[in-house]
2 protein chains.
Amino acid sequence: MPAGRPRTFDLQQALDRALRVFWRKGYEGASLPDLTAAMGINRPSLYAAFGNKEALFRQAVDRYLAGPACHVREALAAPTARAATEQLLARSIELVTGRRNPRGCFLVQGALAGGDTASGPRRELNRRRAATEAALRQRYEQAIRTGELPAGTSAGQLAKYFAVVMHGMAVQAAGGARAAELRQVAQTALRAWPHDGK
Amino acid sequence: MPAGRPRTFDLQQALDRALRVFWRKGYEGASLPDLTAAMGINRPSLYAAFGNKEALFRQAVDRYLAGPACHVREALAAPTARAATEQLLARSIELVTGRRNPRGCFLVQGALAGGDTASGPRRELNRRRAATEAALRQRYEQAIRTGELPAGTSAGQLAKYFAVVMHGMAVQAAGGARAAELRQVAQTALRAWPHDGK
DNA sequence: GTAATATCATACCGTGTAGTACATAAATCG
DNA sequence: CGATTTATGTACTACACGGTATGATATTAC
């Protein structure tokens, strides 16, 4: 233990709680009293441990991708691109409609509109969403090389399509859509999967 | 002309400009100085003409649906459900990527996250999006009755699918996606259109 | 035990927010 | 004309925001 008075709260737990506040209210909508109340700490402790509000937000984004949204990387490791896509959709639906989490996708919630002070966090979320889409595109490129997908398939186009579906489902979930409805949507979306004959 | 000093600005033009501010920054992100500066009026004039910030927002929503987003109703009047869907997607892409407008869909931008003061506007936007989806569902129900769509088709499921696609495209557009990319996404999305054989 | 160090708790700072009081200006009504 | 009505412009209020100074408290190093 380093010299000095020891911290009386758990860093990771506090970050998890901050993540849930940002998830529900967005960057600007989450006030410092909101955050400190949820984290169970007071303001100077927050600043000492995480820097400032924007730094805390960035750390919450990392935590989101490593924790609640870790299924993305797992799904992409599935044996086939088709299975990877099915898993990605299924587990994204779980995530955005989960009872234990705020509704919707954290990367989408706060990313769209906002004042000038939120432009930094907004760009950050845009980058992260683009990175996810890029990973999906690479998985499709691999599937084209292995012959799972027809040679003429555009991996980028297909990745953007399923990214659109996932983001759209996140919007629906934020508006109260149920998991069962979204599973049917996912099934419908998969009908657009490329076939040789077409 | 009614008695009293006449208004020196055009109500509708001022509302249009307020709409664009809300569109870009969301309800909470749009401050009163932002609004009054864009509208070219001062604060008391705003309150006298529109009530308060929330009332102004609601009127901006109405204006959005009657103006920039009026294509929705037009598209639904197309002779076939398939054509209606194609037009809906095509013109939504124009709207959310248009150079003359803020990026993205106004009904999606501010609807997801936000503080407590934004819960009213948020619910309002959710209602409007749900109404659009319901109109689409009714169009599909009609197509089932006329035999354009297979008898077993779920109109609600199909409407939710295309609503998801449109909202997802709005998110992509807010993140900087280009119209050409989204047109390819729309083409891909239409591959999920119901067929008898399947 | 004493010095050094880091956290905790309270109270504060400057700024920006939504909304309004009040006096002035410009039109119609009689 | 004067009286009335409505809009405008300035200045203000009360409050919430992000961020911080300061002193007390709890631990390690010596």
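Since the model is a prediction, treat every value here as computed from it, not as a measurement. Protein chains get the first letters and strands the later ones, always in sequence-line order, with residue 1 at the start of each.
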Is there side-chain contact between Glu28(B) and Pro121(B), with heavy atoms separated by less than 4.5 Å?
no

Check whether any side-chain nitrogen or oxygen of Ser45(B) sits under 4.0 Å from OP1 or OP2 of dT8(D), and answer yes or no.
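Checking dT8(D) against Ser45(B), a side-chain N or O does come within under 4.0 Å of OP1 or OP2.
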
Hey, is the side chain of Asn42(A) poking within less than 4.0 Å of OP1 or OP2 on dA9(C), counting only N and O atoms?
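Result: yes.
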
For Ala131(B), which residues count as a side chain to side chain contact (heavy atoms under 4.5 Å, CB included) partner, sequence neighbours excluded?
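Testing Ala131(B) for side chain to side chain contact (heavy atoms under 4.5 Å, CB included), a comparison that skips the adjacent residues, returns none.
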
Could you work out which one of dC8(C), dT17(C), dA21(C) sits closest to the side chain of Pro33(B)?
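Nearest to the side chain of Pro33(B) among the choices is dT17(C).
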
Between dG19(D), dT20(D), dT10(D), which nucleotide gets closest to the side-chain atoms of Pro44(A)?
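Among the listed nucleotides, the one closest to the side chain of Pro44(A) is dT20(D).
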
Can you measure [X] atom [atom1] to [N] atom [atom2] for me and round it to whole angstrom units?
| X | N | atom1 | atom2 | answer |
| --- | --- | --- | --- | --- |
| Tyr47(B) | dC12(D) | OH | P | 19 Å |
| Asp116(A) | dC17(D) | CG | P | 19 Å |
| Leu35(A) | dC17(D) | CG | P | 10 Å |
| Lys53(B) | dG16(C) | NZ | C1' | 12 Å |
| Phe50(B) | dG19(C) | CZ | P | 15 Å |
| Glu54(A) | dC17(D) | CD | P | 18 Å |

Between Phe50(A) and Phe57(A) (judged by ring centroids, cut-off 6.0 Å), do the two rings come close enough to count as a pair?
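Aromatic pair excluded; centres sit 6.0 Å or further apart.
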
Nearest 0.5 angstrom please: Glu148(B) CD to Tyr140(B) OH, how far?
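Answer rounded to 0.5 Å: 9.5 Å.
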
Side chain Arg43(B) and base dG19(C) donor-acceptor under 3.5 Å:
yes

Distance-only donor-acceptor test, Arg5(A) side-chain atoms vs dT25(D) base atoms, 3.5 Å:
yes

With the threshold set at under 4.0 Å for non-hydrogen atoms, list the residues of residues 7-30 of chain B touching DNA chain C in residue-number order.
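Within this stretch, Ala30(B) sit under 4.0 Å of the strand.
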
Mind checking what makes side chain to side chain donor-acceptor pair (under 3.5 Å) contact with Arg20(B), not counting sequence neighbours?
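Partners of Arg20(B) by the side chain to side chain donor-acceptor pair (under 3.5 Å) criterion come out as none, since no residue qualifies.
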
